[in-house]
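The structure displayed is predicted, hence computed values, not measured ones.
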Amino acid sequence: MRVAVAGCCHGELDKIYETLALAERRGPGPIDLLLCCGDFQAVRNEADLRCMAVPPKYRHMQTFYRYYSGEKKAPVLTIFIGGNHEASNHLQELPYGGWVAPNIYYLGLAGVVKYRGVRIGGISGIFKSHDYRKGHFECPPYNPATIRSIYHVRNIEVYKLKQLKQPMDIFLSHDWPRKIYHYGNKQQLLKTKSFFRQEVENNTLGSPAASELLEHLKPTYWFSAHLHVKFAALMQHQAKDKGQTAKATKFLALDKCLPHRDFLQVIEIEHDPSAPEYLEYDIEWLTVLRATDDLINVTERLWNMPENNGLHTRWDYSATEEAMNKVLEILNHDLKVPCNFSITAACYDPSRPQTQMQLVHRINPQTTEFCAQLGITDMNVRLQKAKEEHHLCGEFEEQDDMESNDSGEDRSEYNTDTSALSSINPDEIMLDEEEEDEDSIKYSIYILRHGGRIPGSTCLAAAQDKPLISTSNMGLELMTLRSRVPRSSD
């Protein structure tokens, strides 16, 4: 099947789907699946905009609300993770994942699903060492600190993913795994993004938590975004035992959705022809969720995950055959993800703007149904109870400029904080810094020919008539196409 991968979406759904339509017209067949690597910006209304950690001048409604309202429908199944510029109150309704609009599925804080037999996992947010060991204590209305900490990766999600033992085909993260730049064209990366040099030389660029997951999961593909540059790498893993074939991970980071940028990649992926053509839950992941339910923490208290150090009665939460069979019985052997999307908040109406719309901490019926069926805790219900008892959530304070409001460093299992990469990247939140040509956009398409189980790949980017970053370890061949694309409203 043909899988398209997008970097930072920044709410530009119309443009991304238009580009996919171009790929289908120019390519060998239809796109079967779209994967988005964060900064999706599922903004439904003005209240959602105020929950997005960007300066007010970058708070634009964009086009997602049209898909949320039903005015439009995603032409292809779309799966995404969260980044660091999101409508956090919306995504918080779905900690275990769910539909944000018909045919658009959020993987949750961390999640694993299957589509046509292809196993797809992901983790949302970016790494920040001083928040890593905290629980998920934030809830709307956010204050200037929690509007940022809400999207910081927590150790509980990494711990859950590290319980997985079955092979992973594709994994998504917003920020890059640390040290991945050593396995690609590092010289070209630093030529393009010279301000990364110090972090690269100090081995502090990227997320150590993501690096830990990369070493454990060893997926066939790992896709990221965040740093707004296309970068490919091939990481060869060491075999655990003699006689075993060493696995390799093909890593690809993509740019943001703008003209002249490498923001989209199309890949041919082998799938199981006998697998159903709908989204499925992953039985191993569901079993891990049930096993780790008692570890849920909705406080700001720092804590470490259980390990075999003599302090814990249990440290292995991996899925046994018996436990997986029990979950299958609970689900009546039906792993199909139900199409149970429902509107939970008022949708933006351009003719009736509501700048003072109230921020509400909502309980999403999808999460309620999922938790009830699986017998696990709805974090938002527990948060609301904690809020009533302990007043954990502060009042939201609107600011004209979202300067850094992060708290000071706390002791962490990781010594170096690397989540502030966006602060050194002048390209980080300039969502509309380049103008589209009104008459046409030139799309450069790169055909990537791989060895291994994936026979080919195509990269689409709104680009000039010059080659973009060449990645010799993936073998690139260039051809140029032209297509007229409507200019979107500012």
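Taking E307 as the reference, N309 meet the side-chain contact (heavy atoms from CB on, under 4.5 Å) condition, with sequence neighbours excluded. The salt bridge (charged side-chain N to carboxylate O under 4.0 Å, His left out) check on E277 picks up R116, with sequence neighbours excluded. T78 is linked by a side chain to side chain donor-acceptor pair (under 3.5 Å) to Y17, counting only residues two or more places apart in sequence or in another chain. Under the salt bridge (charged side-chain N to carboxylate O under 4.0 Å, His left out) criterion, R119 pairs with D282, E284, sequence neighbours left out. With sequence neighbours excluded, no residue satisfies side chain to side chain donor-acceptor pair (under 3.5 Å) with N45. Qualifying ring pair (Phe, Tyr, Trp, His ring centres under 6.0 Å) partners for F80, counting only residues two or more places apart in sequence or in other chains: F40, Y106. Residues passing the side chain to side chain donor-acceptor pair (under 3.5 Å) test with D293, sequence neighbours excluded: T377. A search for ring pair (Phe, Tyr, Trp, His ring centres under 6.0 Å) contacts involving F223 returns Y221, not counting sequence neighbours.
Pairs passing the ring-ring contact (aromatic ring centres under 6.0 Å, His included) check and including a residue from residues 272-300, sequence neighbours excluded, read Y281-F370. Applying the salt bridge (charged side-chain N to carboxylate O under 4.0 Å, His left out) test to pairs two or more places apart or on separate chains, those with a residue in residues 89-102 are R44-E93.
Dense packing is recorded around CD of Q236, with more than 12 heavy atoms of other residues, nucleotides or ligands lying under 6.0 Å away. Shown here is Q198, whose CD atom has no more than 12 heavy atoms of other residues, nucleotides or ligands within 6.0 Å.
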Which atom pairs, donor and acceptor, lie under 3.5 Å between side-chain atoms of residues 320-331 and protein residues at least two apart or in another chain?
residue, atom, partner, partner atom, Å
T320, OG1, A323, N, 3.1
N325, ND2, E321, O, 3.2

Side-chain atoms of residues 332-341: list all donor-acceptor pairs with protein atoms under 3.5 Å, sequence neighbours left out, distances to 0.1 Å.
residue, atom, partner, partner atom, Å
D334, OD1, K336, N, 3.1
N340, ND2, E369, OE1, 3.1

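Relative ring orientation between W99 and Y105 is described as perpendicular, the plane-to-plane angle rising above 60° on a 0-90° scale split at 30° and 60°.
In this structure a side-chain-to-backbone donor-acceptor pair under 3.5 Å is present from S207 to A210. With N84 contributing its side chain and D175 its backbone, the two residues share no donor-acceptor pair below 3.5 Å. Using modelled atom types, no side-chain atom of Q41 and backbone atom of E12 make a donor-acceptor pair closer than 3.5 Å. A donor-acceptor pair under 3.5 Å is absent between the side-chain atoms of S88 and the main chain of I150, judged by distance alone. Judged by distance alone, with hydrogens and angles left aside, the side-chain atoms of Y181 form no donor-acceptor pair with the main-chain N or O of A233 at under 3.5 Å. Looking only at distances, no side-chain donor or acceptor of Q62 sits under 3.5 Å from a matching main-chain atom of G11. Proximity of a side-chain donor or acceptor of E86 to a complementary backbone N or O of D39 within less than 3.5 Å is detected.
Aromatic ring centres of H10 and H228: separated by under 6.0 Å.
How far OG1 of T204 is from NZ of K179: 10.5 Å, rounded to the nearest 0.5 Å.
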message: Let's go through H174 and S224 carefully: what are the C-alpha distance in whole Å and the side-chain angles of both, what is the deciding distance for side chain to side chain donor-acceptor pair (under 3.5 Å) to 0.1 Å, and is it a yes or a no?
response: CA-CA 5 Å; H174 188 57; S224 297; over 6 Å; no
